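To find a chain, count down the sequence lines: A is the first, B the second, and so on, and within it residues start at 1. Values in this document were obtained by computation on a predicted structure and should not be read as measured data.
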Protein chains: 2
Amino acid sequence: MKKTIEHIAQLANVSKATVSRVINNSPKVTSKTRERVIKAIKETGYYPNVTARRLTTNKAETIGLIIPSPQDKTFGNPFYTEILRGFTHQAKIEGYDLLLFINEHQFNYSQLFHDRRVDGLLLVGVNRGDKGIIQLSENKFPYILTGKIDYEKANYVDAENRKGAYQAVTYLVNSGHKRIGYLGGSFDFVFNQERFEGYLQALKEHNLEYGKELTMESINTEESGYEAMRKLLEASSIPTAVFVANDLDAIGAMKAIKEKGLKIPEDIAVIGFDDIQLASYTEPTLTTVRQPIYEMGTTAISLLVQLIKGKKEGPLKIELPTQLIIRESSGKVKTKKKNI
Amino acid sequence: MKKTIEHIAQLANVSKATVSRVINNSPKVTSKTRERVIKAIKETGYYPNVTARRLTTNKAETIGLIIPSPQDKTFGNPFYTEILRGFTHQAKIEGYDLLLFINEHQFNYSQLFHDRRVDGLLLVGVNRGDKGIIQLSENKFPYILTGKIDYEKANYVDAENRKGAYQAVTYLVNSGHKRIGYLGGSFDFVFNQERFEGYLQALKEHNLEYGKELTMESINTEESGYEAMRKLLEASSIPTAVFVANDLDAIGAMKAIKEKGLKIPEDIAVIGFDDIQLASYTEPTLTTVRQPIYEMGTTAISLLVQLIKGKKEGPLKIELPTQLIIRESSGKVKTKKKNI
DNA sequence: TTGGATAATGTAAGCGGTTACATTTATTAC
DNA sequence: GTAATAAATGTAACCGCTTACATTATCCAA
């Protein structure tokens with residue numbers, strides 16, 4: 001038996017409109033009739049058809065979540081799982097459904113708005129040069145990014161990448177390190193550049209040397225971190241500490257260091273970025289810059305909903321603070337053999 | 001300017017019905033009129049309103065994806081990320097949207113059908129005693145689980161857990177191990193029990209000892225694997241090999257073993273289960289039983305769509321084969337000092 | 001040329017809600 | 001008790017599509 005608002009109306013001996021009012025908690029319904037309607041609803045096990053509601057109200061009640069293509073190795077990063085937790089949690093609170101999409105084959109974001117599939121878009125891991133975002137902005141489609149891109153009008157929630165990196169490297173400097181390497185992801189993502197800039201800034205402020213031979217690119221997987229570190233270790237003069245712009249690379253890097261027979265942190269200190277769960281279980285445990293990933297997720301949803309409802313206007317730019325979590329992989333620089 | 005099928009009809013000088021036929025590739029439209037309509041659609045940048053279509057056709061064109069609660073530590077497991085890849089990929093192919101839900105506060109699955117929010121449900125990481133599933137089955141709601149539960153009519157896609165575990169342990173036996181430990185997750189999940197049973201079966205077939213002191217429970221996180229292994233190592237007589245029912249626990253276990261000053265695989269061999277990406281980057285690299293996680297994802301979606309379309313009927317029970325991936329963490333048993 | 005069959009197109013109802021506006025009922029003031 | 005006013009409820013149009021059925025156009029045979 002199919003149940004519609006009509007049936008409930010008949011059962012409760014009222015009009016469809018009244019039933020609708022009860023469902024939507026309109027104040028202008030007598031408690032007597034309200035009870036009759038509620039009784040009818042309970043008896044029949046009626047649930048309003050969301051599709052019908054969405055059609056009349058012209059709202060999708062839905063947020064599109066765009067995640068990086070599965071092809072993209074970075075997708076396996078625990079960062080995404082964690083931020084997803086924040087998204088789902090907050091979306092439920094705000095009463096929005098979350099539609100999952102993968103960003104591949106130059107996926108046309110705008111279409112999701114045109115066919116009324118979503119009210120807003122949440123984009124994760126977008127390339128800094130992505131042109132689709134400009135289109136969204138120009139069409140005034142509500143959207144928010146997790147992470148900055150090269151578009152000054154973009155709405156985003158990010159972490160204080162530069163500051164976090166700066167703090168980490170400063171910590172290394174204060175521990176006596178003078179030759180500090182850098183391993184990080186492609187500048188295709190702004191956060192990677194910012195972390196690098198934080199690293200550079202810390203070096204400059206302390207008049208420490210910087211050179212190409214101290215840095216290596218990796219792509220945010222254990223594998224690439226491993227390879228990058230191996231290359232770095234081939235140089236004639238290797239650093240006494242290395243700041244790695246994300247934890248997965250850091251874990252790979254630690255593997256390379258240990259394989260070379262070097263000790264962490266005695267021979268080379270390592271600091272990562274992210275503070276993924278795994279960071280507490282490496283050997284040694286990983287000192288790292290914690291991003292408030294979960295909170296970035298909930299914040300992003302809240303802001304997006306405000307954009308959707310017109311309670312806020314873009315551009316929205318939020319940066320949440322990071323925190324240096326000190327564990328075993330960082331340490332004071334090894335005192336050189338005193339061969340004066 | 002809002003665009004509806006009406007506008008296109010006027011522009012192309014045809015009726016709404018004809019436009020609808022063109023959109024839905026109905027064969028009964030002259031190529032002349034079809035072209036006129038297509039031209040009008042292109043000119044206006046018209047996209048059909050999916051909500052309206054869904055209301056008339058009474059289809060949500062949507063699959064609900066239920067993932068374990070964020071509270072649940074296991075959610076961070078790379079297993080989920082990987083299976084998600086399979087889901088999104090296949091859902092796109094089949095033309096279904098994927099709605100993301102989290103399974104918490106005794107979430108009422110059935111409601112999603114009643115309010116026509118979804119056409120089917122895909123449930124990941126469901127507890128073996130979950131009663132909600134019975135309700136789904138009895139209501140003939142299309143759904144599919146990844147992983148068996150205690151309900152013989154349940155539809156599921158799983159891996160050959162027992163067989164995989166059996167192969168792994170048999171491999172250890174063939175490498176000369178006689179005292180083989182087991183570390184695995186709670187029997188709240190059937191796959192854990194099956195893996196344990198595979199372990200037991202292999203022991204029995206080779207007349208090897210088995211005892212409580214050889215096994216320890218963990219919960220599929222590095223942390224718990226670490227703790228469980230530590231406890232196991234406190235026993236008076238420790239195993240020469242340990243089969244760990246999932247990779248994250250195995251990684252934690254390896255940490256505990258190394259911390260104790262023991263070598264892998266010389267002192268204790270370790271075999272995991274899953275073959276997550278990380279398994280290739282541990283030290284030593286982890287021998288493990290590979291599940292076809294991605295394929296489990298695509299298979300689950302395909303089957304679910306067939307259930308939705310009435311092309312198949314439950315119960316549907318699929319088990320995909322596993323494969324033993326041999327890396328460094330397993331090895332021949334250390335030859336005892338020959339004190340005959 | 002005509003008529004019957006067939007293909008193309010149009011008409012209009014319906015999907016299940018919401019809501020502006022109309023109508024009825026209750027409340028209050030005198 | 002009645003009129004004026006406010007509150008509760010009802011009526012009916014509408015959201016933007018799909019589709020059964022009706023109508024018109026096209027084609028072919030006789």
Under-4.0 Å salt bridge between B/R128 and B/D150: yes

Test item: B/K312 and B/L303 side chains (from C-beta on) under 4.5 Å apart, heavy atoms: yes

Side-chain donor-acceptor contact under 3.5 Å, B/Y109 with B/N139: no

Minimum heavy-atom distance A/A300-A/V157, with the two atoms named: CA-CG2, 3.9 Å

NZ/NE/NH1/NH2 to OD/OE distance under 4.0 Å, A/E43 and A/K39: yes

Residues B/F191, B/F189; criterion ring pair (Phe, Tyr, Trp, His ring centres under 6.0 Å); working and verdict: CA-CA 6 Å; B/F191 69 85; B/F189 296 98; 5.8 Å; yes

Contact state string [nucleotides 9-17 of chain D, B base, S sugar-phosphate only, - no protein heavy atom under 4.0 Å]: BBB---BBB

Pairs flagged by side chain to side chain donor-acceptor pair (under 3.5 Å) wherever residues 46-56 of chain B is involved - sequence neighbours left out: B/R53-B/E61, B/R54-B/E61, B/R54-B/D97

Degree of bending in the helix from C/dT1-D/dA30 to C/dC30-D/dG1 once both end axes are built from five pairs, to 10°: 40°

